[in-house]
Amino acid sequence: MADRIHITTAIHYSNGPPHLGHAYEDIAADAYARHLRRKPGGSKLTFVTGTDEHGQKNRDAAAKENLDPKAFADKISAIFRTAFDRLEISYTNFVRTTDPAHEAFVQKMLARTFERGDIYFRDYEGLYCVGCERFYTDKELLPGNICPEHNQPVEFLKESNYFLKLEKYRAAIRAHLESTPGFIRPERYRNEALRMFDEPLADLCISRPKARLDWGIELPFDDKFVTYVWYDAFWAYLSELPDTSDAALAEVLPATEHFIGKDILKTHAVYWPAMLMAVGLPLYRRLNVHGYLTTGGSRMSKSSGNVVDPMELAEHLGPDVLRYFVLREFGYGLDGDFSEARVIERYNADLANDLGNLTSRVLAMTARYFNGEIQAQPGTHQSEHGPGVDYYCQQVRALSDRIEQLIDALEFNRALEAIWQVLDAANKYIVAAAPFTLAKDPANLPRVGEILVNLCEGLRVIADSLEAFMPATSRKILDLLNVDQTTAHAPFGEGLKRGHRVKPPVPLFPRIEKPNA
RNA sequence: GGCGGCGUAGCUCAGUUGGUCAGAGCAUGCGGCUCAUAUCCGCAGUGUCGUAGGUUCGACUCCUACCGCCGCCA
């Protein structure tokens, strides 16, 4: 259906290395991207992630390490990229906002917006928070002119700046939001966003005088200014696509699905649409908003010192374990609490006991009784297999549609649950059919062969359906089954053939015995 | 101050339009199997469905108030 899809994550602010929250967002977007890529036409999918490198906070973070901003950005950006590669985030573009191509594109959009009359110059004075990189009004501040976000005093600043007309587009954006169900999802965030249009919108300051901050993209119409880092960053969703002509962007944007955290809902629901309208481009297709990951009940942040390093976990247990955990444990859109104890529980219960053990027992029996050779056509059992077989076969057959539906709705956790229901059905089937008991009498071997092909074939379908969530594990199991790409994707009953040989098992997820960490 | 949302078994949560809706998984206990990574299968629970009222033949599911937690806007 949708033959053009463009997926993006937020362009991550590079004032420090990635934490689990960044990884979560990219993993979710990646699962969605991988899922869509499996559909017809999916090979045209583009997927952008990257780093947002301009702005005062990045410059200050660099200064702390005695690095110039670009050198610092090089370092942090590389860490992000390495982390995402390790997690098998299947991005097609890793954009850095300091890339010349990106900078040129932003300048082009600035120039156009200026020419169209939606950017104007005016004097401005107000209270400014360095941490937020924005001005505050009195009533937004805590007593004593304290920034509510950073708990630090704001500074009085008087300067002239360029502004983007936001109010001009309020009615149009609101109308789009109201007439487009699913534009922002889950629903709760759509409702939240709608309320942002109840009051007039203050125009957005999109420049910073170089005298104060020169780490940014220069305005094409005034070389004494750079553009505000937020204005800069949005364009990264588009700036390094293979074709950035208006015609191409007019196709890409309606096919664009943004993945963001709830903290930047306003910028994406209000500023970004206005920016697009101001240059005469269509709006993106959908905003997919997720919640925060907390640790010990509070939001992960450097200041509270509860940051979880995703790579430490990934190196320790494997990237797929991290991917599995965050996708299985948390409902997309809701906050979730992360703890290593929960990871280990999930690992042992789901990965070691269910997925790993089932793989192991099925392949072990096939190896032991038939030297790994498939004895029959799957799904065509002629003999009595016990009560579990019909339920099992039906579960496997229904899996693909079920997953499709759930991932489209961003319910990754329930999609994984659905796969695990099939694992459960397989275990029940094994007990009901008891191939290991039958095998004691050679006369029963044909029936055992039928049972095992059903199990191997189901394992193949499971491994294939796991690809979007746990790509490495998927590959491992498919490799053990010794199947090629085409066979891997076949529907249940059309994959493994009689005479095919599968490999003996290797432990995929050895149990973790230490009770806690 | 205005407007969301949330509060269901020890834990994490499902519960569509009110009438097997009181559930799942994990953890716990007991029993069974032995192909498998001491894995798997079966059985057993516990719950005043935040509190107090109301509507109804009947509410976890609707209404009101309150308590607690959180979010957004101001």
Side-chain angles (χ1 to χ4, degrees), chain A residues 136-142 148-149 184 186-202 261-267 269-270 289 291-292 294 297-299 325 328-331 333-339 341-370 386-388 391-392 406 409 411 413-414 416-421 423-440 444-445 448 451-452 455-456 459 480 504-513 515-516:
Chain A
Y136 275 94
T137 58
D138 293 336
K139 50 189 175 180
E140 288 176 310
L141 294 169
L142 302 174
E149 286 294 315
I184 296 175
E187 189 74 13
R188 46 189 315 207
Y189 295 116
R190 175 174 187 261
N191 295 334
E192 214 167 285
L194 271 170
R195 274 177 258 127
M196 295 170 185
F197 297 94
D198 289 345
E199 303 287 326
L201 297 170
K262 64 181 184 180
D263 51 324
I264 53 178
L265 173 61
K266 181 174 187 175
T267 56
V270 182
V289 186
Y292 296 143
T294 59
S298 61
R299 188 186 174 191
F325 182 77
R328 177 65 185 83
E329 182 81 353
F330 310 121
L334 300 172
D335 291 357
D337 197 58
F338 180 93
S339 78
R342 279 299 288 167
V343 175
I344 292 175
E345 277 176 37
R346 281 271 176 218
Y347 177 97
N348 278 336
D350 299 352
L351 299 178
N353 294 354
D354 292 338
L355 181 60
N357 184 58
L358 179 76
T359 303
S360 181
R361 69 194 303 204
V362 168
L363 292 177
M365 281 190 278
T366 310
R368 175 194 284 211
Y369 303 135
F370 302 110
Y391 177 72
Y392 165 75
L406 290 169
E411 302 199 75
N413 55 336
R414 296 184 63 192
L416 282 165
E417 198 176 14
I419 296 175
W420 257 253
Q421 276 169 10
L423 292 172
D424 188 53
N427 275 325
K428 286 176 167 63
Y429 175 36
I430 293 176
V431 169
F436 43 86
T437 304
L438 293 173
K440 287 173 182 164
N444 290 325
L445 280 179
V448 174
I451 295 166
L452 288 177
L455 288 167
C456 286
L459 193 57
L480 289 172
V506 296
L508 295 173
F509 301 102
R511 274 185 67 90
I512 300 171
E513 294 304 344
N516 229 316

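In what follows, chains carry the letters A, B, and so on, assigned in the order in which the sequence lines appear, proteins first and then strands, with residues in each chain numbered from 1. Keep in mind that the numbers below use all heavy atoms, side chains included, and drop hydrogens, waters and symmetry copies.
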Student: For nucleotides B/U55 and B/C41, find the distance between their P atoms and express it as a whole number of Å.
Tutor: 49 Å

Student: Please write out the pairs of protein N or O atoms and N or O atoms of nucleotides 38-41 of chain B separated by less than 3.5 Å, giving the distance to one decimal.
Tutor:
residue	atom	partner	partner atom	Å
B/U39	OP1	A/Arg511	NE	2.4
B/U39	OP1	A/Arg511	NH1	3.2
B/U39	OP1	A/Arg511	NH2	3.3
B/U39	O5'	A/Asn353	OD1	3.4
B/U39	O5'	A/Arg511	NH1	3.3
B/U39	O2'	A/Asn357	OD1	2.9
B/U39	O2'	A/Asn357	ND2	2.1
B/C40	O2'	A/Arg361	NH1	3.3
B/C41	OP1	A/Asp424	OD1	3.1

Student: With a distance cut-off below 6.0 Å to the six-membered ring centre and an angular limit of 45° from the axis, does A/Lys428 pair with A/Tyr392 as a cation-pi contact?
Tutor: no

Student: Kindly label the base of B/G4 as syn or anti, based on whether its glycosidic torsion lies within 90° of 0.
Tutor: syn

Student: Which heavy atom of A/Pro186 sits nearest to which heavy atom of A/Val289, and what is that distance?
Tutor: CD-O, 3.2 Å

Student: Between A/Asp354 (side chain) and A/Asp424 (backbone), is there a donor-acceptor pair under 3.5 Å?
Tutor: no

Student: With both distances under 3.5 angstrom, what nucleotide forms a Watson-Crick or G-U wobble pair with B/C26?
Tutor: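 Because both required distances fall under 3.5 Å, B/C26 counts as paired with B/G10.
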
Student: Please report, rounded to the nearest Å, how far the P atom of B/C11 is from the CZ atom of A/Arg328.
Tutor: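 Rounded to whole Å, this separation is 18 Å.
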
Student: Taking for each residue the nucleotide of RNA chain B bearing the nearest heavy atom, is the 5' side occupied by A/Leu351 or by A/Met196?
Tutor: A/Leu351

Student: Name the pairing partner of B/C21, where a pair is Watson-Crick or G-U wobble with both distances under 3.5 Å, or state none.
Tutor: none

Student: Specify the separation, in whole Å, of atom CG of A/Asn191 and atom P of B/G71.
Tutor: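 About 18 Å, once rounded to whole Å.
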
Student: Describe the nucleic acid contact of A/Leu508 in one word from base, sugar-phosphate, nothing, applying a heavy-atom distance below 4.0 Å.
Tutor: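 Contact class for A/Leu508: base.
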
Student: With rounding to the closest Å, how many angstrom separate the P atoms on B/C69 and B/C26?
Tutor: 33 Å

Student: Tell me the interatomic distance from A/Arg342, atom CZ, to B/G10, atom P, rounded to whole angstroms.
Tutor: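 One finds 16 Å between P of B/G10 and CZ of A/Arg342, rounded.
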
Student: Quick one, A/Leu459 and A/Leu480 - any side-chain contact, counting heavy atoms below 4.5 Å?
Tutor: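 Counting from C-beta outward, A/Leu459 and A/Leu480 never come under 4.5 Å.
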
Student: Would you indicate what A/Pro435 reaches in the nucleic acid, counting non-hydrogen atoms under 4.0 angstrom: base, sugar-phosphate, or nothing?
Tutor: nothing

Student: Hunt down the Watson-Crick or G-U wobble partner of B/U34, both distances under 3.5 Å, from any strand shown, or write none.
Tutor: none

Student: Please name the nucleotide paired to B/G2 by Watson-Crick or G-U wobble geometry with both distances under 3.5 Å, or report none.
Tutor: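 With both distances under 3.5 Å, B/G2 matches B/C72.
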
Student: Please determine, for the side chain of A/Glu192, which listed nucleotide (B/C35, B/C72, B/U37) has the closest atom?
Tutor: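 The answer is B/C72, which lies nearest to the side chain.
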
Student: Side chain of A/Arg195: nearest nucleotide among B/C35, B/G71, B/A14?
Tutor: B/G71

Student: Supply the atom-to-atom distance A/Leu265 CG to A/Tyr189 OH, rounded to the nearest 0.5 angstrom.
Tutor: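 Going from the CG atom of A/Leu265 to the OH atom of A/Tyr189 covers 8.0 Å.
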
Student: Rounded at 0.5 Å granularity, tell me how far CD in A/Glu329 sits from CD in A/Glu345.
Tutor: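 A/Glu329 atom CD to A/Glu345 atom CD measures 8.5 Å (nearest 0.5 Å).
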
Student: Quick one, A/Leu455 and A/Thr366 - any side-chain contact, counting heavy atoms below 4.5 Å?
Tutor: no

Student: If B/G47 has a Watson-Crick or G-U wobble mate with both distances under 3.5 Å, name it; if not, just say none.
Tutor: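 Check on B/G47: unpaired, no WC or wobble geometry under 3.5 Å.
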
Student: Using Watson-Crick or G-U wobble geometry with both distances below 3.5 Å, tell me the partner of B/A52, or none.
Tutor: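 Pairing partner, where one exists within any strand: B/U64.
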
Student: Is A/Arg368 close enough to B/A36 that one of its side-chain N or O atoms is under 4.0 Å from OP1 or OP2 there?
Tutor: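 Yes, within the criterion.
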
Student: Taking atom C1' of B/G1 as reference, at what distance in whole Å does atom CD of A/Glu199 sit?
Tutor: 13 Å

Student: Tell me if the aromatic rings of A/Phe338 and A/Phe325 count as close, with their centers under 6.0 Å from one another.
Tutor: yes

Student: Considering only the P atoms, how many Å lie between B/C60 and B/G18, rounded to the nearest integer?
Tutor: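 Pairwise P distance, B/C60 against B/G18, rounds to 13 Å.
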
Student: Taking the C1' atom of each, how far is B/G47 from B/C11, in whole Å?
Tutor: 14 Å

Student: Which part of the nucleic acid, if any, lies within contact of A/Tyr189, taking any heavy atom under 4.0 Å across all strands shown: a base, the sugar-phosphate backbone alone, or nothing?
Tutor: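 Touches nothing.
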
Student: Taking the P atom in each of B/U17 and B/C63, what is the distance between them to the nearest angstrom?
Tutor: 12 Å

Student: Expressed in whole Å, how much space separates the C1' atoms belonging to B/U51 and B/A38?
Tutor: 47 Å

Student: For B/G15 and B/A27, measure between their P atoms and round to the nearest Å.
Tutor: 23 Å

Student: Answer yes or no: is there a donor N or O on one side and an acceptor on the other, between the side chain of A/Asp335 and the main chain of A/Tyr292, under 3.5 Å?
Tutor: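 Here the side-chain-to-backbone pair exists.
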
Student: If we take the C1' atom in both B/G23 and B/A9, what is their distance in whole Å?
Tutor: 10 Å

Student: Please name the nucleotide paired to B/U16 by Watson-Crick or G-U wobble geometry with both distances under 3.5 Å, or report none.
Tutor: none

Student: Assuming nearest nucleotide by heavy-atom distance, tell me which of A/Val362 and A/Lys266 is located more 5' along RNA chain B.
Tutor: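 First, find each residue's nearest nucleotide; the 5'-ward one identifies A/Val362.
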
